[in-house]
Number of protein chains: 2
Amino acid sequence: MTRSEENYIKTIFHLGRQGMEAVSTNAIAELMETKPSSVTDMIKKLSEKDLVNYKRYQGVSLTDLGTQTALGIVRKHRLWEVFLVEKLDFSWDEIHDIAEQLEHIKSDKLIDRLDKLLDYPKFDPHGDPIPDKNGDFKERDRKLLSEVEIGTKGVCVGVKDSSASFLKFLDRNHIALGHQIEVLEIEEFDGSLNISINQNNMQISHQIASNLYIKINEQ
Amino acid sequence: MTRSEENYIKTIFHLGRQGMEAVSTNAIAELMETKPSSVTDMIKKLSEKDLVNYKRYQGVSLTDLGTQTALGIVRKHRLWEVFLVEKLDFSWDEIHDIAEQLEHIKSDKLIDRLDKLLDYPKFDPHGDPIPDKNGDFKERDRKLLSEVEIGTKGVCVGVKDSSASFLKFLDRNHIALGHQIEVLEIEEFDGSLNISINQNNMQISHQIASNLYIKINEQ
DNA sequence: ACAAATTTTTAGCTTTGCCTAAATTATTAT
DNA sequence: ATAATAATTTAGGCAAAGCTAAAAATTTGT
């Protein structure tokens, strides 16, 4: 598999997760910052290789083989992210671009050894699950902070948007995975929330809340 | 710099080290398992970018810029090799191909952090020196085992040939960096040596001896 | 329903890095 | 010194992966 093929497979995988229908050519093009015509070309190639199901004008979806391939790439990406944070002290807004390169290194043994070095992590630094060697993973039971009621207590377990700008914002405001969060108030007017995080009170916009995942504390 | 450009620069660097004259097109082609005509194409491109000095039919040599570039690549390659051996328990015959991929990852910060994680190693697992951030390195004072006299004592510090087949041979025969070696006898007829290595006596061919570096013990 | 708008595909072109075959330059051997 | 040999370059092509512009199919709005 070429690097480019891998990137397409990964993109189709990520787009496919949201809704279950076929992914559109334009959506792929937009996410990959390329042109729809280029996407069509590549889709045909991937279709030849039985990695995607494709009918002209009908969008595209991953085959089982394609899904397994995608999971392998996601596994590599997320393991490298853990490595960068845990072993090389990178901050979570710096790791994506580097992991994007590292995910294309070809060596099963390397990835298995890395997995072992990191002690078989189940989640990456953004809280996303890491598929195991067989592609199996468990999505964590979590809710967006914007969708829980007043009084809810939980722990921050992930972010939906993992852009550098959002992650840097979180850093500046001392919000990190593992922190205890309680929703104290929800403002009717603009949907902003008053929360306590790690004993401190702060006000966050609806936009922030709708990109933070929490795991609600057991009673 | 593209991956391919980097590979050419690295190859020219390695060929340039042996003798100081310009490197021939054919030599590059052979080492890279490509055709001389392809080499000519790339050399022109590198020349445009001021990475090599080139005059038609006269061979090629690295400019200062090219040399610095090459040292950066070599630094990355060798640091990754140390990582693979020290942190992921790879054996020294397995690391070359993987490091060949990892050396193209683009991130200065990554390499500096890796350097730190490994505690700023000065030599790679084959005993070759690792350039520092500025491209500086010190060649170790060493001799080929085939070129010392009877009675010489020293410690194994490197290999000249680092092909997998040679390295596997060394593993099978329990020869590794750091081992104490003494030359007990040299056979006139075929140049084979009788040595003691880590207290054990063994017979090695001239070919083996001419690919093992030792650092002669101080008196 | 069907015209307009949008999405997707096709056709044809570009660049990178490689190839083969032929031409050119350098080296060597007598 | 010059013919033969070897090394190198040029010319022309190919495949991958991208692009633009135009054509075709689908979806949407009224």
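In what follows, chains carry the letters A, B, and so on, assigned in the order in which the sequence lines appear, proteins first and then strands, with residues in each chain numbered from 1. All values below come from the heavy atoms of this structure, side chains included, with hydrogens, waters and symmetry mates left out.
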Report summary line: With the side chain defined as heavy atoms from C-beta on, B/Ser24 is closest, among D/dT8, C/dT8, C/dA26, to D/dT8
Query raised in the report: A/Tyr54 pairs by side chain to side chain contact (heavy atoms under 4.5 Å, CB included) with which of A/Leu46, A/Thr40, A/Thr63, A/Thr25?
Result: A/Thr40
Query raised in the report: Side chain of A/Gln101, backbone of B/Lys106: donor and acceptor closer than 3.5 Å?
Result: yes
Query raised in the report: Hey, is the side chain of A/Tyr57 pairing donor to acceptor with the base of C/dT7 inside 3.5 Å?
Result: no
Query raised in the report: Given atom CZ of A/Arg3 and atom P of D/dG18, what is their separation to the nearest angstrom?
Result: 12 Å
Query raised in the report: Between A/Asn7 (CG) and D/dG18 (C1'), how many Å, whole number?
Result: 14 Å
Requested in this report: Check the surroundings of atom NZ in B/Lys49: do more than 12 heavy atoms from other residues, nucleotides or ligands lie under 6.0 Å from it?
Outcome: yes
Query raised in the report: Is the closest basic N to carboxylate O distance between A/Lys109 and B/Asp89 below 4.0 Å?
Result: no
Report summary line: A/His96 meets the ring pair (Phe, Tyr, Trp, His ring centres under 6.0 Å) criterion, sequence neighbours left out, with A/His77
Query raised in the report: If every non-hydrogen atom of A/Ser4 is compared with every non-hydrogen atom of A/Met42, which pair is closest and at what distance?
Result: OG-CE, 3.4 Å
**Report entry** Closest to side chain of A/Thr25, choosing from D/dA7, C/dT8, D/dT9
**Finding:** C/dT8
Query - Between C1' of D/dA16 and CG of A/Leu46, the distance in whole Å - result: 13 Å
Query raised in the report: Between A/Gln58 and A/Ser4, which has a closest nucleotide on DNA chain D that is more 5'?
Result: A/Ser4
Query raised in the report: Is any side-chain N or O of B/Tyr54 closer than 4.0 Å to OP1 or OP2 of D/dT8?
Result: no
Requested in this report: Figure out the CG/C1' separation between B/Asp41 and D/dG13, and round it to whole Å.
Outcome: 12 Å
Query raised in the report: With distance as the sole test, does B/Arg78 use its side chain to make a donor-acceptor pair with the main-chain N or O of B/Pro129 at under 3.5 Å?
Result: yes
Query raised in the report: Which of residues 27-39 of chain A have a heavy atom under 4.0 Å from DNA chain D?
Result: A/Thr34, A/Lys35, A/Ser37, A/Ser38
Report summary line: When rounded to whole Å, the CD1 to C1' distance for the pair B/Ile43 and D/dA7 reads 12 Å
Query raised in the report: Touch check for B/Thr40, heavy atoms < 4.0 angstrom, all strands: base, sugar-phosphate only, or nothing?
Result: base
Requested in this report: Calculate the interatomic distance between B/Asn26 atom CG and C/dA26 atom P; express it in whole Å.
Outcome: 15 Å
Query raised in the report: Counting just side-chain N and O atoms, does A/Tyr8 come under 4.0 Å of either OP1 or OP2 of D/dA16?
Result: no
Query raised in the report: For B/Arg56 and D/dT10, what is the distance between atoms CZ and C1' respectively, to the nearest whole Å?
Result: 9 Å
Query raised in the report: Rounded to the Å, how far apart are A/Lys44 NZ and D/dA16 P?
Result: 14 Å
